[in-house]
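A short write-up of the structure that comes next.
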Number of protein chains: 2
Amino acid sequence: MTTLQLDAFLPYRLSIASNRVSGVIATAYQALFGLKIPEWRLVCVLAEGGGMSQQALGVATRMDKVMVSRAAIALVDRDLVVREPNPADQRSHLLSLSELGQQLYDQIAPKALEIERELFAGFSDAERKELMEMLLRLESAAERYEAEQT
Amino acid sequence: MTTLQLDAFLPYRLSIASNRVSGVIATAYQALFGLKIPEWRLVCVLAEGGGMSQQALGVATRMDKVMVSRAAIALVDRDLVVREPNPADQRSHLLSLSELGQQLYDQIAPKALEIERELFAGFSDAERKELMEMLLRLESAAERYEAEQT
DNA sequence: CTATGATCGTTGCAATTGATACTAATCTAG
DNA sequence: CTAGATTAGTATCAATTGCAACGATCATAG
């Protein structure tokens with residue numbers, strides 16, 4: 001007979017670990033900067049290179065356009081992000097960090113890296129790298145699986 | 001200057017991979033058995049050993065009591081799970097799989113393992129073991145972190 | 001005993017998320 | 001050109017999840 005031990009089921013373990021870690025991050029970001037995870041993902045990507053459309057942000061952050069829209073509205077309301085018309089396409093806007101947003105990011109980035117360091121304190125560099133690589137493979141595998149199921 | 005590359009941020013990668021995998025599992029379980037993830041987690045644990053209180057199920061599945069309660073109600077409604085009074089404590093009930101629930105589980109388990117196998121097809125046994133172990137460590141680290149933040 | 005506090009499970013409410021529909025603008029066939 | 005199909009972004013509605021409050025039972029201190 002086939003037994004399935006929940007504890008040994010990798011998708012379960014993955015979900016639990018991810019939720020715990022996301023909880024830590026979400027709490028920290030909310031408390032420190034009043035940002036939700038979708039919002040700070042946008043800040044993060046915009047800091048790498050501004051002048052992006054929301055559609056491009058969605059691709060970069062793996063969030064759907066609805067979530068990007070909501071996060072963008074929240075950030076613009078707080079003057080962390082500025083919208084400019086897109087000369088190439090009137091339907092879309094180009095988003096960039098404002099001066100204020102840039103300042104916020106400069107505070108956010110070190111804090112994020114600090115939390116990451118603390119969470120992964122027990123991991124060697126090699127392990128971190130390996131984990132990262134496994135997660136990427138897994139992501140592709142899941143996408144492939146979904147594609148197969150037409 | 002400290003830069004934070006979102007792509008290289010482990011909590012982000014973890015969240016993306018986990019959500020993708022959960023999506024695959026959730027879709028499969030909904031389509032095949034009409035079960036949501038919280039429900040099938042209960043089925044899974046009850047199959048290992050019945051006669052548990054909801055509180056114990058919550059510990060075993062890492063779900064809070066509200067989610068356990070809702071999942072349990074759904075399963076009892078479908079006659080997959082039976083409740084019996086707990087002689088030791090009148091506030092709680094003991095849950096077990098019904099005959100029908102056991103039959104469902106017998107179908108579920110192989111299918112779950114098959115999906116897991118497919119998702120992790122590119123992983124060696126050693127890699128799977130290592131991933132599992134890293135996820136457990138991460139879970140503890142996150143819990144420790146949360147505890148520290150009083 | 002009995003009164004206070006804790007625990008089990010459920011319910012109700014608010015916040016987050018996802019799917020769909022919709023407006024405005026762009027692209028593509030013919 | 002222009003009609004039809006596609007895309008960017010927003011808004012609306014339903015589903016999921018988490019938190020706080022609650023009734024009922026249990027444990028403990030006096």
- prompt: Under the 6.0 Å and 45° cation-pi test, does A:R41 pair with B:Y12?
  reply: no
query: side-chain contact (heavy atoms from CB on, under 4.5 Å) with A:L46: which of A:V81, A:L80, A:V82?
result: A:V81
query: Which ones in residues 55-71 of chain A lie close to DNA chain C, meaning a heavy atom under 4.0 Å from one of its atoms?
result: A:V66, A:M67, A:R70
- request: Output the residues of residues 76-97 of chain B in contact with DNA chain C, where contact means a heavy atom of the residue under 4.0 Å from an atom of the strand; sort by number or write none.
  value: B:R83, B:R91, B:S92, B:H93
statement: Between CD of A:Q54 and P of D:dA11 the distance, given in whole Å, is 11 Å
Taking every non-hydrogen atom, the tightest pair across B:A71 and B:L42: CB-CD1, 3.7 Å
statement: When rounded to whole Å, the CD1 to C1' distance for the pair B:I37 and D:dT16 reads 12 Å
- request: Taking the side chain as every heavy atom from C-beta outward, state whether B:L104 and B:L35 have any pair of such atoms under 4.5 Å apart.
  value: yes
task: Check A:S53 against A:L94 and note the closest heavy-atom contact, atom names and distance.
output: N-CD2, 4.0 Å
statement: Rounded to whole Å, CD of A:E146 lies from P of C:dG18 at a distance of 13 Å
- prompt: Within a strict 4.5 Å, meaning less than it, do heavy atoms of the B:Q30 and B:K36 side chains meet?
  reply: yes
query: With under 30° as parallel and over 60° as perpendicular, where do the rings of A:F9 and B:W40 fit, or are they tilted in between?
result: perpendicular
- prompt: Could you give the CD-to-P distance, from A:Q30 to C:dA15, as a whole number of Å?
  reply: 12 Å
task: Indicate the atoms forming the closest heavy-atom contact of A:E146 with B:V24, along with that distance.
output: CG-CG2, 3.6 Å
Rounded distance in Å - OH (A:Y29) to C1' (C:dT16): 20 Å
